[in-house]
Every structure is written in structure tokens, then in C-alpha cells.
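There's a structure below that I have some questions on.
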Amino acid sequence: AQKVTQAQTEISVVEKEDVTLDCVYETRDTTYYLFWYKQPPSGELVFLIRRNSFDEQNEISGRYSWNFQKSTSSFNFTITASQVVDSAVYFCALSEYLNQAGTALIFGKGTTLSVSS
Amino acid sequence: EAQVTQNPRYLITVTGKKLTVTCSQNMNHEYMSWYRQDPGLGLRQIYYSMNVEVTDKGDVPEGYKVSRKEKRNFPLILESPSPNQTSLYFCASSRTSPNEQFFGPGTRLTVL
């Protein structure tokens, strides 16, 4: 069965520290997509990135970077020089093909990141 | 502004009283979905819909109904709510799947 594991339940860092959020997934599909979402204290879910299984290039967007390693089924997320505004719950998700009706997102249980000043 | 809206945002109700949570998107998205979020369990899919009149069950459909009569709307219906349906509910839409899903602001439901 498809599964996403975020082993780190909570992480606390001090501002300007770098932090990596781990995500490990299981899937039988050869084509799949991986996502990261952010949920700040206000509660909304904010899309951060989508990566397909054929694209293993690392991606950097400002202070955010993602490391996708198919060999270890991991899609880790690093925040460089963390800021208080990065405090949120971060979810990793995997697309699961259901049927012609489409796909579903299988979410990990989330990692709560607290950044203190 | 492109968005997914949900109403109500907060609802306190009693066991057995039928309720509907509305969801509407203005992006002409084909794919819509409902999730519930519970502490320690993350988000779990309830129902999804690929297009008008095409719906299917997700991981936790028991106690819920949906309909997709129009492309933009995807209401979630609880015919006889129970306390274990107390949760935070999110509606989401995407152009197709498995593209980026846009989430609504969430509906916090308490069933007493």
C-alpha cells in the first residue's frame, strides 16, 4: 500500500539554523508525484512543491531546497537560515493512482517545526 | 481571485442533525476532493470527484455523502453526524489530478 512516513513529529530550532524535514514514501507505481505542503498556525494549507518520479534533480527556491532520491524513496525538505515565520506544520504527500476517477494524495502525519528567535 | 471557498468555517452541532458543508471553486477545475484532518493522523481523503457526476470514495467515506452536479461545487453531506466526525475538514481542487491541489480555508466541525 502507498504510504508516506514523516518520522520527525516535532522539531525545534533557533532562528538562522538550517533544518531538514525528512519524508520517506512507499509506492508500487512507477509514475508518481510527490508534494510538500505547509500549514501555518492560521490553518490553511499552502502548496510548496510538486516533483514527478522521473525528475530527480534537486530544486532550490530561495531558502527552501528539496532533495529527491528515488534509490532511498526519500523526498527531504531543507530550510536554510530558518526564520520565525517558517514555524508551521509541514506535510509530505504522495499521489496514488486510484482509477479513471483520478488520484488521491496520501499525506504523511506532518512535522511541526518551531523556530524561536 | 482564484480560490476555493468553504462554508461554514466553524460549526457546532448535535448528534444526528443533518448538515452540509459547501465547497466552491472558481478555477474551472475538474478534480475536487474532501479531506479531514485529525491530530496525529494527518489528512485523510473522504471523497473525490474527477468531474461532474463522477465521484468515488477515499480512505474514510463512512458517514459522508457528496454530490457533484456542477463543476464548481462539491458539497459534503453528513446525514447523521456523530461525535467521531468532529474534525477539521478541507476541500481541495485541481485542474486535473495529480496536479497541485488548491485547498479551501477549512471547516472546523464539532459534533456534540
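Since we're looking at a predicted model, the values are computed, not measured. Quick note on labels: first sequence line is chain A, next is B, and so on, each numbered from 1.
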Exercise. Measure distances from B:E30 to the heavy atoms of chain A and classify the residue's part below 4.5 Å as side chain, backbone, both or neither.
Key: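 No part of B:E30 comes within 4.5 Å of chain A.
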- prompt: Are side-chain heavy atoms of A:Q39 and B:F103 found at a separation under 4.5 Å?
  reply: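 Not touching, per the 4.5 Å side-chain cut-off.
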Under a 4.5 Å heavy-atom cut-off, does chain B meet the side chain of A:Q6, its backbone, both or neither?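 Nothing of A:Q6, per the 4.5 Å heavy-atom cut-off to chain B.
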Notebook entry, point to check: Do other residues, nucleotides or ligands put more than 12 heavy atoms under 6.0 Å from the NZ atom of A:K16?
Noted result: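 Count not over threshold, so no.
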Given that the side chain runs from C-beta out, which part of A:Y37 has a heavy atom under 4.5 Å from chain B: side chain, backbone, both or neither?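 Contact with chain B is through the side chain of A:Y37 alone.
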Neighbour count >12 (heavy atoms, 6.0 Å) for atom CD1, B:I12 |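 No, CD1 of B:I12 has 12 or fewer neighbouring heavy atoms, counting only those of other groups under 6.0 Å.
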B:I46 and B:M32: same hydrophobic cluster, using ILVMFWY side-chain contacts below 4.5 Å?
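Same hydrophobic cluster.
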| message | To the nearest 0.5 Å, what is the distance between CZ on B:R44 and CZ on A:F107? | response |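 Between atom CZ of B:R44 and atom CZ of A:F107 there are 13.0 Å.
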| field | Proximal component of A:I106, with respect to chain B [non-hydrogen, under 4.5 Å] | value |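 Just its side chain gets close to chain B.
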Would you say CD of B:E53 has more than 12 non-hydrogen atoms from neighbouring residues, nucleotides or ligands within 6.0 angstrom?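 Count over threshold, so yes.
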**Q.** Atom group of B:D59 that falls short of 4.5 Å from chain A, counting heavy atoms
**A.**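 For B:D59, the side chain is the part near chain A, not the backbone.
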| said: Grouping I, L, V, M, F, W and Y whenever their side-chain heavy atoms are under 4.5 Å apart, do A:F47 and A:L94 come out in a common cluster? | reply: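 No: no chain of side-chain contacts under 4.5 Å links A:F47 to A:L94.
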Atom CZ of B:R108: over 12 foreign heavy atoms under 6.0 Å
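Check fails, neighbour count at 12 or below.
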- Do you know which of B:G40, B:A92, B:G106, B:P105 has the most heavy-atom pairs with chain A at a distance under 4.5 angstrom?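 Going by pairs under 4.5 Å, I would pick B:G40.
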Next on the checklist: Quick check for you: to the nearest 0.5 Å, what is the distance between B:Y35 atom OH and A:L45 atom CG?
Outcome noted: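 Separation between the atoms: 10.0 Å.
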Is the number of heavy atoms from other residues, nucleotides or ligands under 6.0 Å of B:L112 CG greater than 12?
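Result for CG/B:L112: enclosed.
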